[in-house]
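Chain naming here is simple, since letters A, B, ... match the order of the sequence lines and numbering starts at 1 in each.
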2 protein chains.
Amino acid sequence: MNNLFKALNDPTRRAILELLKEEDQSAGAIAAHFDISKPSISHHLDILKRAELVVGIRSGQFIHYSLNMTVFDEVIGWLMQFNSNNKK
Amino acid sequence: MNNLFKALNDPTRRAILELLKEEDQSAGAIAAHFDISKPSISHHLDILKRAELVVGIRSGQFIHYSLNMTVFDEVIGWLMQFNSNNKK
DNA sequence: TAGATGTTTAGGCAATTGTCTAAATGGTTA
DNA sequence: TAACCATTTAGACAATTGCCTAAACATCTA
């Protein structure tokens, strides 16, 4: 849960997720959307990978990144506990 | 959205939210649950307040903190966009 | 008004984070 | 194999974060 919020706590990483929501993309294609160096994007992708929010699959020279939707449910679940009316 | 994830990206702050889910509490009562100085807890509360995740209402010397449930929906809404099947 | 209690503000410090450039790794193709 | 392209790793640096102690502020009560 901590890794998840850490990964989500950055505008660039959230933008990457929104990009991947539209279409799976290679690391380079992702980087092309930002005014940030490729190594930095690579680092962001690593953090997203560790949080299991994205998955990277190598295909030749390219590594194609895509969302791992299931993990989002975990965060949603944590947040949902506050919306139920089980106050003491 | 940025302030929200920033506020949520800390174990102590998330624990404070879980405490307040059970019962509204004063700043001092909240601090008593942690092995952290009161000023530090006060600072955490300030961050939660800025994110509008909690509300503090003074009652005499005490300030009673409670959750502002509505804001949680904003985060849930952002996360939900990834679970729909509107991929291109 | 003093003194006591609850909370926040101020200032400082170590750890973490996001960025960069340079160099290394993995894979393709001539 | 050599040149090339895609990506990551390494190392450095400034900005941010979370913690602390000391001091200030706010409120109540004697």
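- When each of D/dC19, C/dC20, C/dT8 is scored by its nearest atom to the side-chain atoms of A/S37, the top-ranked nucleotide is C/dC20.
- Counting non-hydrogen atoms under 4.0 angstrom, A/I41 reaches nothing in the nucleic acid.
- Rounding to the nearest 0.5 angstrom, the gap separating the OG1 atom in B/T70 from the CG atom in A/N83 is 9.0 Å.
- To the nearest angstrom, C1' of C/dG18 lies 8 Å from CD1 of A/I47.
- Put simply, the side chain of A/E74 never gets that close to the backbone of A/V71: no donor and acceptor are under 3.5 Å apart.
- Rounded to whole Å, the distance from CD1 on B/I63 to C1' on C/dT9 is 13 Å.
- Heavy-atom neighbours of B/E52 CD from other residues, nucleotides or ligands within 6.0 Å: at or below the threshold of 12.
- One atom, NE2 of A/H43, and another, P of C/dT16, lie 13 Å apart when rounded to the nearest Å.
- Rounded to a whole Å, the CG atom of A/L45 is 16 Å from the C1' atom of C/dT17.
- Side-chain atoms of B/N68 never come within 3.5 Å of backbone atoms of B/V55 as a donor-acceptor pair (strictly under, hydrogens ignored).
- B/L20 places a side-chain heavy atom less than 4.5 Å from the side chain of B/Q25.
- When every heavy atom of B/A31 is checked against every heavy atom of B/K38, the shortest pair comes out as CB-CG, 3.8 Å.
- Of all nucleotides listed (D/dT7, D/dT21, D/dC19), D/dT21 comes nearest to the side chain of B/P39.
- Distance check, rounded to the nearest 0.5 Å: OG1 of A/T12 to CD1 of A/I30 gives 12.0 Å.
- For the pair B/F34 CZ and D/dC19 P, the computed distance is 10 Å after rounding to whole Å.
- Non-hydrogen atoms lying under 4.0 Å from DNA chain D are contributed by B/K6, B/N9, B/D10, B/T12, B/R13, all within residues 3-15 of chain B.
- Of the listed nucleotides (C/dT8, D/dT9, D/dT7), C/dT8 has the atom at the smallest distance from the side chain of B/Y65.
- Between the side chain of A/S59 and the main chain of A/F62, no donor-acceptor pair closer than 3.5 Å is present.
- B/D46 has its CG atom 12 Å from the C1' atom of C/dT7, to the nearest Å.
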_Per-nucleotide protein contact string for nucleotides 24-29 of chain D, where B marks a base within reach and S marks sugar-phosphate only (heavy atoms under 4.0 Å, - for neither)_ = --SBS-

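- In this structure, the CZ atom of A/R50 is 12 Å from the P atom of D/dT8, given to the nearest Å.
- The closest side-chain heavy-atom distance from B/R14 to B/P11 is below 4.5 Å.
- Ring geometry for A/F82 versus B/F72: interplanar angle under 30°, hence parallel rather than tilted (30 to 60°).
- Rounded to an integer number of Å, the gap from NZ of B/K38 to P of C/dT9 is 16 Å.
- Between A/S42 and D/dT8 there is a side-chain N or O to OP1 or OP2 distance below 4.0 Å.
- For C/dT17, the OP1/OP2 oxygens have no side-chain nitrogen or oxygen of A/H44 closer than 4.0 Å.
- Direction of the helix axis in the helix from C/dT1-D/dA30 to C/dA30-D/dT1 shifts by 10° between the two five-pair termini, rounded to 10°.
- To the nearest 0.5 Å, atoms CG (A/N2) and CG (B/L8) are separated by 11.5 Å.
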